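Remember, predicted model here, so these are calculated numbers, not experimental data. In what follows, chains carry the letters A, B, and so on, assigned in the order in which the sequence lines appear, proteins first and then strands, with residues in each chain numbered from 1.
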There are 2 protein chains.
Amino acid sequence: MSSEELAARGQTTAAQVRKDLSHFGSFGKRGLGYPVDELRARLRRILGIDRTWNVGLVGAGRIGLALFEYPAFRARGFDCVAIFDSDPEKIGRELGGVVVQDPSAFEEAVRALGIELIVLAVPAEAAQEMAQRGVDAGVRGILNFAPIRLNVPPRVPVEDVNLVMELEALSFQISKDEPDA
Amino acid sequence: MSSEELAARGQTTAAQVRKDLSHFGSFGKRGLGYPVDELRARLRRILGIDRTWNVGLVGAGRIGLALFEYPAFRARGFDCVAIFDSDPEKIGRELGGVVVQDPSAFEEAVRALGIELIVLAVPAEAAQEMAQRGVDAGVRGILNFAPIRLNVPPRVPVEDVNLVMELEALSFQISKDEPDA
DNA sequence: TCGCGCTTGTGAAAAGATTCACGAATGTAG
DNA sequence: CTACATTCGTGAATCTTTTCACAAGCGCGA
């Protein structure tokens with residue numbers, strides 16, 4: 001498959017595809033394009049998704065559970081192996097083979113299960129504390145739904161998801177075209 | 001409040017804050033900084049969030065409902081006024097004062113309720129069709145959770161949310177530091 | 001009123017990202 | 001074996017974003 005075709009699929013340009021790939025090595029064959037299977041395998045390796053990641057879900061509220069039950073997660077190699085919530089109502093309940101645990105069991109579970117990524121889906125007030133505890137217990141990356149900026153060491157990447165901001169971005173793009181409303 | 005302080009809070013630099021704000025006008029006072037209340041009011045206006053937006057939720061699965069019940073939405077001016085789902089089990093059920101409707105009622109509801117934004121939380125197969133129907137019915141922006149690139153006219157902004165990709169981004173950032181694992 | 005300590009707004013410089021354009025490979029067909 | 005049609009990888013050119021740096025403005029206190 002040529003860079004031209006890859007570009008069309010990825011909503012970008014052929015030059016961009018080639019430049020981006022060149023940062024990680026030389027993947028293609030001149031005159032031929034890129035061998036799809038091999039390219040995919042090498043990209044998976046570069047992205048670190050050529051393996052399974054054990055994920056811990058912190059916060060079994062609506063958003064947390066929605067994620068947990070989202071089949072695409074497991075299908076893509078992100079395996080949710082533990083759930084934590086401070087609500088006594090929820091502790092002990094089983095969800096898809098995983099029992100909701102008290103947060104006091106957090107550190108122990110991280111170590112015992114080899115949890116490297118956590119999904120933080122707790123109220124803003126609890127997010128920083130759980131992030132810190134995660135980092136101390138050995139967590140290596142955080143997907144954060146709480147609308148605060150987590151303070152963690154730079155070696156631990158954080159991806160923030162703020163859905164209100166996404167809607168606001170839409171609002172801005174719509175509004176900016178109208179001089180006044 | 002000075003650009004310096006705003007920068008510290010927003011994880012950026014003072015120069016960036018000033019440059020960004022200058023694109024929209026002159027907000028501050030030299031020697032003094034920015035008047036917080038006025039700045040906020042003007043930014044809200046620029047972002048188009050100085051009003052309420054009527055939002056339609058398409059897809060009452062886990063993710064859709066999680067969003068619907070997320071209180072921060074309404075609190076920030078995004079009011080979910082209708083829910084659509086094709087599952088007969090769900091149609092007719094009431095959720096927080098809103099009844100789940102059959103998708104056949106979609107266009108009519110968009111017009112009747114003045115829905116300008118939709119949240120697409122349906123399987124990938126159904127996403128393009130509902131996007132097109134939304135655009136035709138007058139929707140002006142789409143928050144898309146389906147893992148496909150929607151084909152809509154450029155006047156309709158789309159914000160994509162792909163949580164698997166967010167996890168993959170973490171995976172990459174963690175893996176890139178280790179020569180080989 | 002004047003001088004001083006701050007802070008903005010903004011051109012100019014620097015850094016970064018994208019696009020261009022072309023030499024060098026590669027397979028194919030004759 | 002040669003000519004040709006492709007397509008990659010990549011320096012150079014262009015475009016964009018960020019940072020720098022400083023004149024001009026503001027309030028305050030003497």
Side-chain angles (χ1 to χ4, degrees), chain A residues 1-48 149 151 154-155 157-160 162 165-166 168-177 179, chain B residues 1-48 149 151 154-155 157-160 162 165-166 168-177 179:
Chain A
M1 184 179 290
S2 69
S3 56
E4 198 70 57
E5 189 174 351
L6 288 169
R9 299 206 187 192
Q11 202 93 106
T12 178
T13 65
Q16 191 69 67
V17 168
R18 294 203 299 278
K19 185 71 92 180
D20 286 356
L21 291 178
S22 77
H23 288 312
F24 298 106
S26 185
F27 299 90
K29 282 210 179 355
R30 301 178 182 207
L32 265 192
Y34 298 87
V36 176
D37 286 346
E38 189 197 320
L39 178 61
R40 189 169 56 194
R42 293 182 64 175
L43 287 178
R44 287 174 64 85
R45 184 162 185 78
I46 290 166
L47 287 172
R149 198 168 295 277
N151 194 301
R155 79 188 135 81
V158 175
E159 289 286 325
D160 288 294
N162 187 326
M165 274 198 195
E166 303 277 348
E168 288 177 349
L170 287 177
S171 164
F172 170 60
Q173 291 176 71
I174 294 169
S175 305
K176 71 173 197 281
D177 299 325
Chain B
M1 183 177 288
S2 69
S3 56
E4 197 71 57
E5 188 173 351
L6 288 170
R9 299 206 186 192
Q11 201 93 108
T12 178
T13 65
Q16 191 68 66
V17 168
R18 295 203 299 278
K19 186 69 92 179
D20 286 355
L21 291 177
S22 76
H23 288 313
F24 298 105
S26 185
F27 298 90
K29 283 210 180 351
R30 299 175 185 216
L32 266 190
Y34 297 88
V36 176
D37 287 347
E38 189 197 322
L39 178 60
R40 189 169 55 193
R42 293 182 65 177
L43 287 178
R44 286 175 63 85
R45 185 163 184 75
I46 290 166
L47 287 172
R149 199 169 294 279
N151 195 303
R155 79 189 134 80
V158 175
E159 290 286 325
D160 288 294
N162 187 327
M165 274 198 195
E166 302 278 348
E168 289 176 347
L170 287 178
S171 165
F172 170 60
Q173 290 176 73
I174 294 169
S175 305
K176 73 175 197 282
D177 299 326

Nearest non-hydrogen partners of [X] and [Y], listed with the distance:
X	Y	result
Leu47(A)	Ser171(B)	O-OG, 2.7 Å
Met1(B)	Val36(B)	CB-CG2, 3.8 Å
Gly48(B)	Ser175(A)	CA-OG, 3.4 Å
Arg149(A)	Arg9(B)	NE-O, 4.2 Å
Ala7(B)	Ala14(B)	CB-N, 3.4 Å

Going by atom type alone, with no hydrogens or angles, which donor-acceptor pairs under 3.5 Å involve a side-chain atom of residues 17-33 of chain B and a protein atom two or more places apart or on another chain?
| unit_1 | atom_1 | unit_2 | atom_2 | d |
| --- | --- | --- | --- | --- |
| Arg18(B) | NH1 | Ser3(B) | OG | 3.1 |
| Asp20(B) | OD1 | Gln16(B) | NE2 | 3.0 |
| Ser22(B) | OG | Lys19(B) | O | 2.7 |

Does [X] place a side-chain N or O at less than 4.0 Å from the phosphate oxygens OP1/OP2 of [N]?
X	N	result
Ser22(B)	dG9(C)	no
Tyr34(A)	dG9(D)	yes
Gln16(B)	dT17(D)	no

Atom pair CD/CG of Glu166(A) and Asp160(B) - distance to nearest 0.5 Å: 8.5 Å

Nucleotide of dT19(D), dT8(C), dT19(C) approaching Lys19(A) most closely (side-chain heavy atoms): dT19(C)

How many Å lie between [atom1] on [X] and [atom2] on [N], as a whole number?
X	N	atom1	atom2	answer
Asp20(B)	dT16(D)	CG	C1'	13 Å
Met1(A)	dT6(D)	CE	C1'	16 Å
Leu39(A)	dT7(D)	CG	C1'	15 Å

Nucleotides 21-30 of chain D: protein proximity per nucleotide (B base, S sugar-phosphate only, - neither; heavy atom, under 4.0 Å): B-BBBBS---

Arg42(B) side chain near Arg45(B) side chain, heavy-atom distance below 4.5 Å: no

Stretch residues 2-11 of chain A: residues that reach within less than 4.0 Å of DNA chain D through a heavy atom: Ser2(A), Ser3(A)

